[in-house]
Amino acid sequence: MRFLSRPHLIAGVVFLALALYPLINPWQPYPQAVLLMMFLLAIQASSWNIISGYAGYVSLGHSMFLGLGSYTAAIIALHTGLNPLWVAPIGGVTAVVVAVLAGSVVLRTRGHAFVIITIALLLSAQILAINLSGLTNGSDGITLELPFWNADFQNIPFYYAFLFLLALTVLFSGWIARTKFGTGLIAIREDEGKAAAIGVNTTIFKILAYACSSFFIGVAGGVYAYYQTFLNPVGAFAILGSVLIVLSALVGGRGTLYGPVLGAFIISLVNEGATVYGGNTQTRVLILGLILVAVVLFLPAGLLPTFQGWWRKRHPVSTEYTDQAGALAHTITVRERVPSPSGAGPLLEVRGVTKRFGGLTAVDGADLTVERGSITALIGPNGSGKTTLFNLITGNMQADAGTIAFAGKPIEKLPPWSRGHLGLGRTFQVTRLFKDMTVLQNVVAPLPDGKLRTMFADAVSGAEASRARDLLDVVGLGAFAAQKAGALSYGQQKLVELAQVLMLEPQLILLDEPAGGVNPSLVGRITSVIRELNRAGVTFLVVEHNIPLVLELCDPIYVFARGTCIASGPPSRIRSDQVVLDAYLGDDWRPGATAVERSLDAHA
Ligand code: ADP
Ligand code: MG
């Protein structure tokens with residue numbers, strides 16, 4: 001805890017020192033100019049960090065927003081006679097509008113398209129600025145009036161403007177990191193499919209993050225235009241500006257709060273040094289390129305995270321097992337979000353669902369019903385399509401045919417997060433925790449609904465965090481809250497994933513092989529947690545190969561083979577069903593099946 005507050009303390013002291021500096025030394029414009037350029041780069045790197053550090057969507061054209069802000073303020077100033085400083089915030093608005101429009105197009109999909117498009121956007125902005133000469137004066141650029149204040153302390157107002165904007169940017173970024181919105185962005189970075197499954201509306205989150213990452217740069221652009229008193233398309237939309245931003249964040253540590261600021265200060269100084277001593281642009285590019293190579297090779301995480309890692313090793317957190325499973329079942333809440341007219345009817349109804357992968361039909365007209373309050377099992381040989389069926393039910397994949405109804409409401413067309421918001425949770429066959437997040441952050445990440453209030457709720461403290469801690473206690477892992485999720489054993493990760501799903505206050509949880517690969521000593525804990533939750537009103541659909549466990553825990557049992565259901569019924573019937581034994585021992589025979597057969601016999 002002490003370490004948590006230390007960076008803020010250092011940041012506060014540095015801020016104060018920087019705020020006092022011009023008062024102590026007002027008559028030296030050069031160091032002020034160097035410092036204010038550091039602030040400007042830090043504003044950009046810190047903003048960039050929101051979309052590219054937190055959410056992991058790398059923007060290589062981020063200096064576009066600086067150019068947009070500059071042009072907006074300059075054009076307005078030119079046409080209205082207002083001082084560019086007063087209209088600089090409108091530059092921020094332009095940046096946000098462009099980010100939302102461009103983001104709505106590019107960020108609907110996942111992956112690398114975004115990176116390419118951001119460069120394309122930057123270059124397009126430059127071409128527009130050249131060609132819309134009626135507005136921008138084309139390649140000749142716009143010359144603004146000189147600052148109205150005394151030239152003797154010329155730089156000081158700019159110095160404070162940028163320092164103030166930098167403080168706002170860092171506060172804003174820090175606030176985002178503390179909300180569930182921020183946790184959702186990190187979830188997107190680490191595993192976008194999983195993020196969607198726990199209720200994160202990935203499209204909205206990414207667009208919003210892109211917009212958040214543009215505003216302060218746009219405002220700073222307006223101020224910068226006035227500082228330079230001249231702007232032209234090539235200077236305002238320079239690719240080198242974007243490279244400096246990315247480099248700053250990489251050097252300092254992307255994804256951290258202060259890393260990009262630290263990196264920007266360093267890179268800005270290096271850039272200035274290279275300009276003064278190296279002379280031309282080529283030397284600068286060469287030096288910056290060498291730094292990039294060095295960072296990638298020797299400090300892949302950046303300065304700040306490397307230092308933090310070292311610190312954590314020297315000051316380890318102690319952990320003890322808490323065994324409160326069962327005692328805290330009252331913390332479980334089940335929110336009924338789809339009011340069903342009679343309160344009756346099955347909770348989940350799968351009818352004729354089909355999924356093909358090329359020539360392979362993984363799920364073939366499957367039917368399945370999960371009654372409210374049941375622990376329904378889905379068993380079947382490997383490759384019979386169970387996981388695929390789960391993916392279709394939760395929306396990680398789209399079915400080719402068939403209908404899926406949740407509490408009577410058709411859901412097969414809904415995106416995964418909407419299904420999560422309806423009360424449908426799942427865990428994965430191979431656990432998909434966000435390994436770089438702490439256990440607590442993992443549990444806080446899910447969003448039980450799509451409301452803004454939920455999105456911007458505090459994730460680190462307050463109601464959400466205390467609920468997450470309660471849920472960790474339910475699965476017995478309360479003491480591990482501050483650990484990185486990746487450091488836990490596999491079985492512990494399964495339990496954390498269960499706690500994570502519970503954050504959605506789900507009505508139905510799909511468990512994909514909850515005991516698979518888990519140390520036998522933890523299997524008992526997992527089953528008792530499932531039973532406890534079921535008593536509290538949670539319905540389960542469980543895929544599991546541990547047949548004794550299934551026969552003991554579940555009723556009814558569905559048996560899957562080659563993508564379709566071949567038998568269903570209570571454990572007593574499944575145990576003696578010849579079709580079931582054939583499915584395990586027939587064409588799908590494999591060494592593991594003998595164990596299954598043995599356990600089926602044992603329970604007969
Ligand atoms: P189970 O969970 O019952 O072991 P799966 O649903 O994982 O089975 O797989 C069913 C079949 O679909 C397998 O033959 C598997 O190779 C195939 N399959 C699963 N996912 C994909 C995918 N994304 N692309 C292509 N084939 C897939
Ligand atoms: Mg599977």
Side-chain angles (χ1 to χ4, degrees), residues 37 40-41 43-44 47-48 51-52 57-109 112-146 207 210-246 280-282 284-285:
M37 289 306 285
L40 177 60
L41 186 58
I43 292 166
Q44 298 179 81
S47 299
W48 176 93
I51 180 74
S52 304
Y57 271 70
V58 173
S59 164
L60 287 184
H62 228 60
S63 60
M64 171 181 75
F65 296 119
L66 191 76
L68 286 173
S70 292
Y71 266 103
T72 305
I75 291 168
I76 294 176
L78 215 58
H79 290 276
T80 62
L82 288 169
N83 188 289
L85 279 187
W86 313 145
V87 294
I90 304 177
V93 175
T94 309
V96 167
V97 169
V98 171
V100 168
L101 291 178
S104 308
V105 179
V106 208
L107 289 168
R108 293 197 162 275
T109 55
H112 301 303
F114 179 75
V115 181
I116 311 296
I117 303 275
T118 53
I119 306 179
L121 279 173
L122 174 73
L123 298 177
S124 318
Q126 191 181 76
I127 292 169
L128 275 181
I130 293 173
N131 289 298
L132 293 177
S133 48
L135 201 59
T136 63
N137 211 15
S139 303
D140 293 340
I142 300 177
T143 307
L144 294 165
E145 58 186 289
L146 292 175
I207 295 172
Y210 195 37
C212 289
S213 78
S214 71
F215 179 72
F216 287 109
I217 303 184
V219 180
V223 180
Y224 188 51
Y226 194 40
Y227 173 66
Q228 289 197 302
T229 67
F230 172 74
L231 77 162
N232 69 353
V234 176
F237 298 105
I239 192 109
L240 189 62
S242 294
V243 173
L244 289 178
I245 297 174
V246 179
N280 55 22
T281 312
Q282 272 106 326
R284 269 164 70 202
V285 172

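The analysis underlying the following values was restricted to heavy atoms, covering all of them including side chains, and did not include hydrogens, waters or symmetry mates. In this chain, residues are counted from 1 in sequence order.
You'll find the side chain of Ser124 stays beyond 4.5 Å of the side chain of Phe237, heavy atoms only. Side-chain contact between Trp48 and Val58: present, with at least one pair of heavy atoms (C-beta onward) separated by less than 4.5 Å. Looking at Tyr224 and Met37, their side chains come closer than 4.5 Å, going by heavy atoms from C-beta outward. Inter-residue side-chain proximity for Pro84 and Leu144 is flagged as met; some heavy-atom pair is nearer than 4.5 Å.
Taking OG of Ser47 as the start and CG of Leu66 as the end, the distance is 10.0 Å to the nearest 0.5 Å. Rounded to the nearest 0.5 angstrom, Leu60 CG and Leu121 CG are separated by 11.5 Å. Rounding to the nearest 0.5 angstrom, the gap separating the CG atom in Leu78 from the CG atom in Asn137 is 8.0 Å. Taken to the nearest 0.5 Å, the CD1 atom of Ile142 stands 9.5 Å off from the OG atom of Ser70. Atom CD1 of Ile239 and atom CG of Leu244 lie 11.0 Å apart (nearest 0.5 Å). Taking CG of Leu240 as the reference point, atom OG of Ser242 lies at 9.0 Å (rounded to 0.5 Å).
In plain terms, the two heavy atoms of Ser63 and Leu122 that are nearest each other are OG-CD1, 3.7 Å. Between Gly222 and Ala73, the closest heavy-atom pair is CA-CB, 3.5 Å. In plain terms, the two heavy atoms of Tyr226 and Asn83 that are nearest each other are OH-ND2, 2.9 Å. The two residues Ala220 and Leu40 make their nearest non-hydrogen contact at CB-CD1, 3.7 Å. The minimum heavy-atom distance linking Ile51 with Ser213 is given by the pair CG2-OG, 3.4 Å. Among all heavy-atom pairs drawn from Ser104 and Ile207, the shortest one is CA-CD1, 3.6 Å.
Checking side-chain atoms of Gln44 against main-chain N and O of Ile245 turns up no donor-acceptor pair under 3.5 Å. For the pair Thr94 (side chain) and Gly69 (backbone), a donor-acceptor distance under 3.5 Å is absent. Between the Ser133 side chain and the Gly138 main chain, no donor and acceptor come within less than 3.5 Å of each other. A donor-acceptor distance shorter than 3.5 angstrom exists from the side chain of Asn232 to the backbone of Gly235, with no hydrogens or angles considered.
Side-chain atoms of His62 and Thr118 form no donor-acceptor pair, as typed in the model, at a separation below 3.5 Å.
For His79, the NE2 atom is densely surrounded, since the number of other residues' heavy atoms within 6.0 Å is greater than 12.
Ring pair Tyr210/Phe215: centre-to-centre distance not below 6.0 Å.
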